[in-house]
Number of protein chains: 2
Amino acid sequence: MVQSTALLVRERGVEATSFSDVLAHSGAPRGSIYHHFPGGKAQLIEEATRYAGDFIAAGLASSLDQLDPVAALREFCSSWREVLRSSDFAAGCPVVAATVEGERLPSASEAAAASFASWEHLLAHAIQRHGQTAERASSLATLVIAAIEGAVVLARAQRSVAPFDRVAEELEDLLVAAMTDG
Amino acid sequence: MVQSTALLVRERGVEATSFSDVLAHSGAPRGSIYHHFPGGKAQLIEEATRYAGDFIAAGLASSLDQLDPVAALREFCSSWREVLRSSDFAAGCPVVAATVEGERLPSASEAAAASFASWEHLLAHAIQRHGQTAERASSLATLVIAAIEGAVVLARAQRSVAPFDRVAEELEDLLVAAMTDG
DNA sequence: GTCTATACGAAGATAGAC
DNA sequence: GTCTATCTTCGTATAGAC
């Protein structure tokens with residue numbers, strides 16, 4: 001159910017994702033909602049945001065564990081490209097959706113903030129381990145996360161991977177340059 | 001009314017912005033809606049997205065007309081920082097909101113795509129005029145727009161300008177380097 | 001031609017049956 | 001303790017009054 005919610009939110013957004021949609025997608029019975037989620041929709045969205053954020057963090061951590069930051073970035077971009085392509089540009093990032101519509105759901109916003117922060121930290125630490133200062137690593141990590149999330153939005157709007165690919169290549173070049181200097 | 005819609009959408013998102021909210025904010029009478037917007041909410045959102053996109057494009061064009069790309073970027077970032085600060089991180093970009101929730105409103109998505117494209121082109125042409133190749137200028141422009149939009153999302157989630165400032169500084173450094181090389 | 005009042009549908013939430 | 005059926009609220013859209 002949490003997973004279904006995350007999948008639906010990344011396509012439709014938070015407000016446009018109803019319980020009926022989630023039930024139809026997950027196959028769960030109607031009565032289960034308030035048993036498992038006494039906090040109602042706010043709780044469901046919060047858990048879905050946390051789930052999605054943790055899922056993405058796990059993938060990123062795994063890449064950074066096995067590869068250098070540049071190769072991990074390439075893999076990260078590749079998985080986002082696949083999300084865009086396989087959904088015909090209907091799907092984006094559920095954590096972004098939770099932020100953009102999160103004014104009414106503070107708990108979801110907090111989960112989104114925690115997710116973004118964890119991705120930034122994972123990347124920043126990896127860049128730092130490969131020879132950058134903590135400060136520069138933090139700036140680069142934030143830039144990479146922000147640019148990729150923004151690029152996903154641009155790609156969805158324009159229904160093309162072209163903007164995403166341009167951003168991915170610029171980021172890769174920038175990271176290569178940053179890791180080989182100093 | 002269109003302006004009120006854009007202001008509300010950038011805070012609450014598309015679906016959470018009702019006609020009642022727009023009427024209360026703009027002072028317009030209820031009966032005017034379907035007279036001025038026969039296409040209903042879809043048309044209102046589309047026009048609000050176009051309005052916001054054109055407004056931002058006008059500011060960007062004006063900056064690029066008077067200043068070099070780096071200084072224009074600084075001004076662009078400054079105005080986004082003001083949006084974040086003055087709303088206490090409640091407000092973001094209505095064009096992003098229209099994209100993220102735009103699955104159900106294709107006309108709004110198209111308006112969003114056109115807005116993003118126009119910002120990219122304005123920036124790309126300016127960078128090209130200052131000595132970069134068309135291809136590189138296009139990549140840099142897309143990166144700048146994507147990164148700033150992403151940074152606005154991160155800043156809202158974390159309720160802090162810190163991520164936005166890190167992104168702004170990285171972008172500025174990158175643009176400076178790109179304009180002085182080759 | 002402009003607005004008030006209403007209808008229709010869907011959303012989230014709950015109370016009672018098994 | 002788990003689910004089906006219902007209740008209330010609200011949002012969009014419209015039909016009719018001025």
Side-chain angles (χ1 to χ4, degrees), chain A residues 1-52 90 94 97-112, chain B residues 1-52 90 94 97-112:
Chain A
M1 227 174 140
V2 169
Q3 188 182 349
S4 290
T5 304
L7 289 172
L8 292 172
V9 165
R10 72 179 185 173
E11 295 192 8
R12 310 176 188 191
V14 173
E15 295 289 331
T17 299
S18 68
F19 279 131
S20 304
D21 296 331
V22 173
L23 296 176
H25 187 276
S26 65
R30 191 155 204 84
S32 315
I33 298 176
Y34 287 88
H35 176 68
H36 296 290
F37 304 95
K41 189 170 180 179
Q43 185 182 352
L44 177 61
I45 297 295
E46 176 190 348
E47 292 194 21
T49 304
R50 200 187 313 279
Y51 168 83
T99 303
V100 170
E101 304 179 68
E103 183 73 355
R104 289 169 139 187
L105 304 163
S107 58
S109 276
E110 285 171 34
Chain B
M1 224 173 143
V2 169
Q3 187 182 350
S4 290
T5 303
L7 289 173
L8 293 171
V9 165
R10 72 179 185 172
E11 295 191 8
R12 310 176 189 190
V14 173
E15 294 290 331
T17 300
S18 68
F19 279 132
S20 304
D21 296 331
V22 173
L23 296 176
H25 187 275
S26 65
R30 191 155 204 85
S32 315
I33 298 177
Y34 288 87
H35 176 68
H36 295 290
F37 304 95
K41 190 170 179 178
Q43 185 182 353
L44 177 61
I45 298 295
E46 176 191 348
E47 293 194 20
T49 304
R50 200 186 313 279
Y51 168 82
T99 303
V100 170
E101 304 179 67
E103 183 72 356
R104 288 168 140 188
L105 304 163
S107 58
S109 276
E110 285 171 34

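Chain identifiers are assigned alphabetically (A, B, ...) following the order of the sequence lines, protein sequences preceding nucleic acid strands; residue numbering begins at 1 within each chain.
- Rounded to whole Å, atom C1' of C:dT4 lies 13 Å from atom CG of B:Leu23.
- The CD1 atom of A:Ile45 sits 6.5 Å away from the CG atom of A:Leu105 when rounded to the nearest 0.5 Å.
- Put simply, CZ on A:Phe37 is 15 Å from C1' on D:dT2, counting in whole angstrom units.
- A 4.5 Å side-chain heavy-atom check between A:Leu23 and A:Met1 finds at least one atom pair inside the cut-off.
- Between B:Ser32 and the phosphate of C:dT2, there is no side-chain N or O to OP1/OP2 separation shorter than 4.0 Å.
- The CD1 atom of A:Ile33 sits 7.5 Å away from atom OG of A:Ser20, with the distance rounded to the nearest 0.5 Å.
- Interatomic distance, CZ of B:Arg10 versus OG1 of B:Thr49, reported as 13.5 Å (0.5 Å rounding).
- The shortest side-chain heavy-atom distance between A:Gln43 and A:Ser107 does not fall under the 4.5 Å cut-off.
- In this structure, OG1 on B:Thr17 lies 9.5 Å from CD on A:Glu101, to the nearest 0.5 angstrom.
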Between protein and nucleic acid, restricted to nucleotides 11-15 of chain D and to nitrogen or oxygen atoms under 3.5 Å apart, what atom pairs and distances do you find?
{"from": "D:dT12", "atom 1": "OP1", "to": "B:Lys41", "atom 2": "NZ", "distance (Å)": "3.1"}
{"from": "D:dT12", "atom 1": "OP2", "to": "B:Phe19", "atom 2": "N", "distance (Å)": "3.0"}
{"from": "D:dA13", "atom 1": "OP2", "to": "B:Tyr34", "atom 2": "OH", "distance (Å)": "2.4"}
{"from": "D:dA13", "atom 1": "OP2", "to": "B:Lys41", "atom 2": "N", "distance (Å)": "3.2"}
{"from": "D:dA13", "atom 1": "O5'", "to": "B:Tyr34", "atom 2": "OH", "distance (Å)": "2.9"}

All N/O contacts under 3.5 Å from nucleotides 7-9 of chain C to the protein, with atom names and distances to one decimal?
none

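- Taking atom CD1 on A:Ile33 and atom P on D:dC3, their separation rounds to 11 Å, with Å as the unit.
- The structure places NZ of A:Lys41 at 9.5 Å from CZ of A:Arg104, a figure rounded to the nearest 0.5 Å.
- A:Ile45 has its CD1 atom 12 Å from the C1' atom of C:dG12, to the nearest Å.
- Residues forming a side-chain contact (heavy atoms from CB on, under 4.5 Å) with B:Glu103 (at least two apart in sequence, or on another chain): A:Ala90.
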Could I get a table of every N or O pair under 3.5 Å where one atom is in the protein and the other is in nucleotides 16-18 of chain C?
none

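- To the nearest 0.5 Å, atom CD of residue B:Glu110 and atom CD of residue B:Glu46 are 7.5 Å apart.
- Rounded to an integer number of Å, the gap from A:His35 NE2 to C:dA15 P is 17 Å.
- Residue pairs satisfying the salt bridge (charged side-chain N to carboxylate O under 4.0 Å, His left out) criterion with at least one member in residues 22-32 of chain A, sequence neighbours excluded, are absent.
- Using five terminal pairs a side, the axes of the helix from C:dG1-D:dC18 to C:dC18-D:dG1 at its two ends make an angle of 10°, given in steps of 10 degrees.
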